[in-house]
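One structure below.
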Amino acid sequence: GLYLTPRMTRDECRDAIDGPAGVCGFAIEDALVNRLLHDLTDFAPWEAGGGHDQRRRLGRRADQLPLMQHVLNLLWQRARERNDENIVLTLADYEAAGHLAGALDRHADEIAASVPAEHADVIDTVFRSLVTGRTVVDAVRRPTRFAELVELAGGRRESVTAVIDAFRAPGVSFLTPAPPEPLADDTIIDISHESLIRQWQRLSGCLAEEAQSADAWNQLLTRSERYKAGTGSLLTGLDLDNLVDWWRRNEPTQAWAARYGDNYDEARKYLDDSVTAENDRKTREEEGQRKLIEAEEAARTGGRFKRLSIALASFAVLAVGALGAAFYL
């Protein structure tokens, strides 16, 4: 289940770090505890603050506990790999993991790198589908059926399964549900905590790309609807070039377009018609330029022929005159 808790104080965070160690029988270096508390303070000061970036500050405060939980779990796993009996969480492991703010980002990148190469290209597709929002500040989770993720990935069920299994593996838990629950078509896939959206740089980049694609699609859809209603025209110039470039780079599908109002066939036909009309216009323009060049060339050729004819006629007159003079003499 989910339990909502108020923000923990510094002393409560110390208890949350030390307490499990005492219960479960492992040790934590004092230097690590002090460093964690220091980094927690730097990440999101305990004193309340306001200002225009209040939402970002609230997000960082909400991420404090999940990040602390993640890094401690990561350190426990690595200490256990070294020694099952005398487990000690160390400051050296903490620094190697990337500290509080960087551990989650580095760990998520490591998991992404572990996905087999033949499946890795759908990682961004999966995570872009599991998030909604325009910026990291307002982004939230978007629980999605497994079957929809497969459809958004172009039917690549095996690849989507490989990605989800990698990110929900024991000790990782970036995605839910946890194993061994099987992945059926109606299984709801979700991000375990929104801190992943804010702290994994790759996912933040995916969110920005998704927002740009949504903007491009909405622009195309709006222009298409206006054209159909007789209040707009086909795309031309820079607008056409930008949307054609976006379409070729992203290759949007009907399943993806359904997230943003659908009308996929209508929008695609509008873009195709715009490209056709632009190509026809360029063809006519090139044909007109060709005819103009031919006409200019013909005019220059005619001019040269006329001057040559005049010269020949003059030469003939002079020749006859010379012949007459010779005869007279």
Side-chain angles (χ1 to χ4, degrees), residues 1-51 53-114 136-137 167-176 178 191-204:
L2 297 177
Y3 299 88
L4 299 179
T5 63
R7 189 183 184 213
M8 297 170 65
T9 65
R10 181 185 177 92
D11 289 338
E12 287 171 339
C13 284
R14 181 185 292 276
D15 292 339
I17 296 170
D18 288 335
V23 172
C24 299
F26 64 91
I28 304 180
E29 290 181 351
D30 289 339
L32 173 57
V33 176
N34 292 331
R35 178 63 180 276
L36 256 175
L37 292 172
H38 176 77
D39 288 352
L40 283 167
T41 302
D42 281 349
F43 185 79
W46 305 105
E47 296 77 12
D53 59 348
Q54 178 70 357
R55 294 178 65 186
R56 185 176 297 277
R57 293 180 182 180
L58 290 174
R60 291 177 72 85
R61 292 175 186 174
D63 290 348
Q64 266 186 318
L65 189 58
L67 290 179
M68 184 182 76
Q69 177 187 8
H70 179 268
V71 74
L72 286 172
N73 183 53
L74 188 62
L75 296 181
W76 181 83
Q77 291 181 60
R78 295 182 177 178
R80 188 182 181 188
E81 290 172 358
R82 289 194 300 266
N83 191 330
D84 280 341
E85 296 182 0
N86 299 314
I87 298 176
V88 180
L89 276 58
T90 67
L91 178 59
D93 281 346
Y94 175 73
E95 292 176 341
H99 309 122
L100 180 74
L104 186 150
D105 178 59
R106 186 175 299 182
H107 189 198
D109 281 342
E110 290 174 357
I111 301 304
S114 73
V136 173
V137 175
F167 281 90
R168 69 171 186 150
V172 180
S173 304
F174 286 129
L175 295 179
T176 62
I191 292 174
S192 57
H193 195 278
E194 285 166 1
S195 58
L196 183 66
I197 304 173
R198 293 184 284 266
Q199 303 305 323
W200 187 19
Q201 294 184 24
R202 178 169 177 172
L203 182 49
S204 299

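What you see below is based on every heavy atom in this structure, not just the backbone, and it leaves out hydrogens, waters and symmetry mates. Sequence positions, counted from 1, serve as the residue numbers for this chain.
Using a distance-only test at 3.5 Å, with no hydrogens or angles considered, no donor-acceptor pair links the side chain of D93 to the main chain of L75. Of the possible donor and acceptor atoms, one in the side chain of Y94 sits under 3.5 Å from a partner among the backbone N and O of L100. The closest donor-acceptor contact from the side chain of Q199 to the backbone of L67 lies at 3.5 Å or more, if one exists at all.
Taking the side chain to side chain contact (heavy atoms under 4.5 Å, CB included) definition, one finds that D42 meets it with H38, sequence neighbours left out. Residues that satisfy the side-chain hydrogen bond (donor to acceptor under 3.5 Å, both in side chains) test with S204, not counting sequence neighbours, are absent from this structure. With sequence neighbours excluded, no residue forms a side-chain hydrogen bond (donor to acceptor under 3.5 Å, both in side chains) with W76.
Contact annotation: the side chain of F174 approaches that of L104 to within less than 4.5 Å [non-hydrogen atoms, C-beta and beyond].
Within the structure, salt bridge (Lys or Arg N to Asp or Glu O under 4.0 Å) contacts touching residues 66-78 (residues at least two apart or in different chains) are R78-E110. A salt bridge (Lys or Arg N to Asp or Glu O under 4.0 Å) check over residues 62-75, counting only residues at least two apart or in different chains, returns the pairs D63-R198.
Within a 6.0 Å radius of CZ in R202, other residues, nucleotides and ligands contribute more than 12 heavy atoms. At most 12 non-hydrogen atoms from other residues, nucleotides or ligands lie less than 6.0 angstrom from CD of Q69.
When all heavy atoms of S195 and P66 are compared, the closest pair comes out as OG-CB, 3.7 Å. In plain terms, the two heavy atoms of M68 and A16 that are nearest each other are CE-CB, 3.8 Å. The two residues A79 and V88 have their closest heavy-atom pair at CB-O, 3.4 Å. Minimum interatomic distance between R106 and A96 (heavy atoms only, all atoms of both residues): NH1-O, 2.7 Å. Of all heavy-atom pairs spanning R60 and F43, the tightest one is NE-O, 2.7 Å. For the residue pair P20 and D15, the shortest heavy atom distance occurs at CD-O, 3.9 Å.
Taking CD1 of I17 as the start and CG of L89 as the end, the distance is 10.0 Å to the nearest 0.5 Å. Here NE2 of H70 is found 8.5 Å from OG of S173. Values are rounded to the nearest 0.5 Å.
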Side-chain polar contacts of residues 22-37 - donor-acceptor pairs under 3.5 angstrom, sequence neighbours left out - could you list them?
from: E29; atom 1: OE1; to: L91; atom 2: N; distance (Å): 3.0
from: N34; atom 1: ND2; to: D30; atom 2: O; distance (Å): 3.3
from: R35; atom 1: NE; to: D39; atom 2: OD1; distance (Å): 3.4
from: R35; atom 1: NE; to: D39; atom 2: OD2; distance (Å): 3.3
from: R35; atom 1: NH1; to: E95; atom 2: OE2; distance (Å): 3.3
from: R35; atom 1: NH2; to: H99; atom 2: NE2; distance (Å): 3.4

